[in-house]
Each structure stands twice: as structure tokens, then as C-alpha cells.
Amino acid sequence: MINRRAYRGIPICRQANYDFAMEDSAKIRFSRRGGPLLGKAAVLAVVTAMAAAGCTTRPDVGVATMSAIVPASSALVLPAPGTYSIVSVVQRQYTNAVEQQVALSTSAATSGQNFLSIQAFGPAQTVAMPGGTLAFKPVRHSAIRAEIRTYFPGRSLPISSNFVRNGYGPFGYAYGRGAGDDGCLYGWQQIRSDVADRDKMRDLGMIQIRLRVCQAGASEKDLVEMMYGYTIVGGFSGATWNPYGTPASVDSQVGGGEPLRVPFEERKVPVAARTQQRVPATHRAEESTPVRKVEATDTSNGVIVPSPTGGTAASESEAVVVPSPVCVTGAAGSATCK
């Protein structure tokens with residue numbers, strides 16, 4: 001007989017277990033007659049049956065993919081400043097590494113997406129569906145040519161024989177022409193510490209870099225600068241997974257010895273010439289004083305007028321000669337004209 005009052009306060013999903021336990025309680029009491037060993041076995045069987053019949057929880061829903069789009073702020077590598085903008089960042093999680101492909105802006109006529117990819121090896125965080133283990137691929141020209149055929153189908157990009165190096169170490173690249181006047185470049189670099197450091201069970205990290213870019217009218221020099229200008233901004237913390245190895249020693253002259261002075265070149269600053277305001281010259285026509293033409297007169301019949309300054313009488317050459325009028329009136333009032 002099952003006591004129904006026992007159901008109060010018991011979840012519905014556990015009522016079956018309660019009934020099962022109540023029905024087996026008599027068996028447990030009966031098993032005590034057979035000895036302690038049989039009783040313990042019966043108790044263990046009841047507990048196991050109750051655990052198996054318990055309510056199960058529903059698992060969380062997840063997306064069946066190994067890749068995820070992360071924000072641009074989570075990018076582990078950035079392109080050279082002032083070159084290309086970041087369109088998206090696709091991240092794939094592995095059990096031993098993290099891989100990101102940073103899609104860059106594209107305006108060339110050549111088909112394909114410009115990108116800057118990075119593979120960082122280290123103790124990756126466990127995810128629901130990891131992509132397995134990322135295999136280590138050393139840099140070989142055969143593998144690089146296969147990658148070039150994948151990202152530049154139908155194009156010829158010969159591998160450059162120039163030895164080049166940026167702030168992270170040596171790198172390689174291949175340059176060729178794309179569609180129209182496009183210049184295309186594929187660059188690669190492996191960043192890894194020296195063997196001597198890895199033998200000491202430290203500096204075990206490694207980074208693989210790939211760059212695929214095409215640009216209209218770009219020369220080899222223009223695109224190679226992309227390999228010099230990119231920046232790695234993320235990675236695994238700790239000295240164990242340091243991919244850069246032991247940093248180079250600082251020059252002994254830095255921070256000690258004689259003071260270092262910059263050899264400045266003496267530059268003579270030219271004195272600014274004073275600009276005088278020039279007044280436009282105005283050419284005035286010289287006023288010509290009209291010269292009166294004095295007709296030569298006969299001084300034999302003239303009247304000599306004394307000089308107004310007084311004094312002695314002026315000589316005949318200095319006297320003012322007044323010409324004789326045409327008609328002269330005589331004393332008697334009669335006019336005599338010559």
C-alpha cells in the first residue's frame with residue numbers, strides 16, 4: 001500500500017522513483033534476514049535504479065561549425081597603417097593553435113580577396129567543436145607554390161630571390177602581374193625561437209604569417225612595404241609559449257659611457273629682405289615757360305628810362321628800351337604817325 005501523503009513536496013519527475021523505493025523497502029527489510037552482505041547489495045541496487053530513472057537535463061544548443069566571425073578589435077595581426085582597412089576577421093579554433101584570416105579591403109580587378117592570416121601555436125582554449133590539431137608545416141618552396149596556385153589561379157608569381165627582413169626576422173615573397181595593371185604579391189613568414197631556446201623547454205610558441213594582396217598600378221616596392229609594416233598585437237602569454245626567443249642584447253653604449261650628442265648641421269637662416277613699398281613713378285611733363293620773342297627794335301628813336309634802383313644812370317646797354325609808338329602826339333595836340 002502506497003501512502004499518497006508522501007507525494008506532498010516531491011517533484012512529479014521523482015514520483016516514480018519514490019514509488020519504486022517504497023515498493024522495494026519491504027524487500028530491503030526482508031533482505032536483512034539473509035545477512036548484511038545481501039542487504040548492502042539490495043541498497044546499492046535501489047540507489048542505482050533511482051539514479052538511472054532520474055530526470056535528465058537538456059544540453060545547450062550550438063552551431064555546428066569550427067569557424068566564427070570575431071570583431072576587428074580581436075584581430076591578432078594588423079595591416080600596415082594607412083594601407084588597407086579590415087573588412088572581417090574569421091577565427092578557427094584548434095586544440096593546439098588559433099588561426100585567423102583578416103580580410104582586407106579590395107579594389108583591384110584581379111579576382112580574389114586580399115587577406116592577412118596568422119596561425120599562433122600554443123595552449124588554445126577548449127571550445128565545443130574544435131577543428132582538431134593544426135599540423136606544423138615548415139616553409140618549403142613547393143608548399144608555397146601550391147599556396148600561390150590556390151590564391152592566384154591562372155597567374156604567374158615568381159618567388160623573389162632577394163633576402164629581406166623586417167622587425168620579426170627574415171621573410172619571403174612572390175610578385176607578379178594580375179588582371180589589367182594590377183600588381184599582386186604573396187608574402188610569408190615563420191616566427192620561431194632558436195633551437196637552443198626550445199631545447200630548454202621554453203619559447204615553444206610559433207607564428208605563421210601569410211599575406212595575399214593585389215592593387216591597381218602597384219609596383220613590387222609598394223607591395224613589399226606591406227610585409228615591413230604589419231604588426232602582431234596578440235598571442236599566448238607566458239615565457240613557455242614565447243615565439244620570439246631571447247631578445248637581442250642592448251648596445252653597451254646605450255645608457256652608459258659618454259653622453260651621446262646629435263650632430264646638428266649649422267644652417268644659416270637667410271635674413272628676410274625688407275620689402276620696400278615702391279611708389280609708382282609718375283612722369284610729369286615739364287612745364288615749358290613760354291619765351292617771349294622780343295623783336296629787335298631800333299633804339300635810335302627810343303626813350304631811355306632810368307633804372308628803378310636809382311643811383312647813377314644806366315649805361316646805354318643796361319637801359320630799358322621802350323619802343324616808340326606808331327603815332328606820337330605832339331605838344332600842340334596834333335598826332336604825328338610814322
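If you take CD on Gln93 and CD on Glu99, they are separated by 11.0 Å, rounding to the nearest 0.5 Å. One finds the CE atom of Met226 at 15.0 Å from the OH atom of Tyr173 (value rounded to the nearest 0.5 Å). Here Ile118 contributes atom CD1 and Leu76 contributes atom CG; the two are 5.0 Å apart, rounded to the nearest 0.5 Å. Atom CG of Leu116 sits about 10.0 Å away from atom CD of Gln100, to the nearest 0.5 Å.
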(message) Applying side chain to side chain contact (heavy atoms under 4.5 Å, CB included) to Thr133 and Tyr94, what does each step give before you reach the verdict?
(response) CA-CA 6 Å; Thr133 301; Tyr94 297 90; over 6 Å; no
Please tabulate, for the side chains in residues 137-146, all donor-acceptor contacts under 3.5 angstrom to protein atoms that are two or more places apart in sequence or on a different chain.
none

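Under the rule for a ring pair (Phe, Tyr, Trp, His ring centres under 6.0 Å), the partners of Tyr168 that lie at least two apart in sequence or sit in another chain are Tyr230. Taking Asn96 as the reference, nothing meets the side-chain hydrogen bond (donor to acceptor under 3.5 Å, both in side chains) condition, with sequence neighbours excluded. Considering only residues two or more places apart in sequence or on other chains, Thr83 meets the side-chain hydrogen bond (donor to acceptor under 3.5 Å, both in side chains) condition with none of them. For Thr150, there are no side-chain hydrogen bond (donor to acceptor under 3.5 Å, both in side chains) partners, not counting sequence neighbours. Annotation: side chain to side chain contact (heavy atoms under 4.5 Å, CB included) contacts of Ile86 (sequence neighbours excluded): Ala72, Leu78, Pro79, Val89, Val102, Leu104. Residues that satisfy the side-chain hydrogen bond (donor to acceptor under 3.5 Å, both in side chains) test with Gln215, not counting sequence neighbours, are Tyr84. Judged as a side chain to side chain contact (heavy atoms under 4.5 Å, CB included), and not counting sequence neighbours, the contacts of Ser74 are Val70, Pro71.
For the ring-ring contact (aromatic ring centres under 6.0 Å, His included) condition, the pairs that include at least one residue of residues 99-118, sequence neighbours left out, are Phe115-Tyr151. Within the structure, disulfide bond (SG atoms under 2.5 Å apart) contacts touching residues 132-186 (residues at least two apart or in different chains) are Cys184-Cys214. Residue pairs meeting the salt bridge (Lys or Arg N to Asp or Glu O under 4.0 Å) criterion with at least one partner in residues 205-224, sequence neighbours excluded, are Glu147-Arg210.
The two atoms that bring Phe152 and Leu185 nearest to each other are CZ-O, 3.7 Å, heavy atoms only. Of all the heavy atoms in Ala103 and Gln113, the pair that sits closest is CB-NE2, 4.0 Å.
The 12-atom threshold is not exceeded at CZ of Arg165, counting heavy atoms of other residues, nucleotides or ligands nearer than 6.0 Å.
Cluster partners of Phe163: none. The rule joins Ile, Leu, Val, Met, Phe, Trp and Tyr whenever side-chain heavy atoms lie under 4.5 Å apart, and it links nothing here.
Under the 6.0 Å cut-off for aromatic ring centres, Tyr228 and Phe171 qualify, their centroids lying closer than that.
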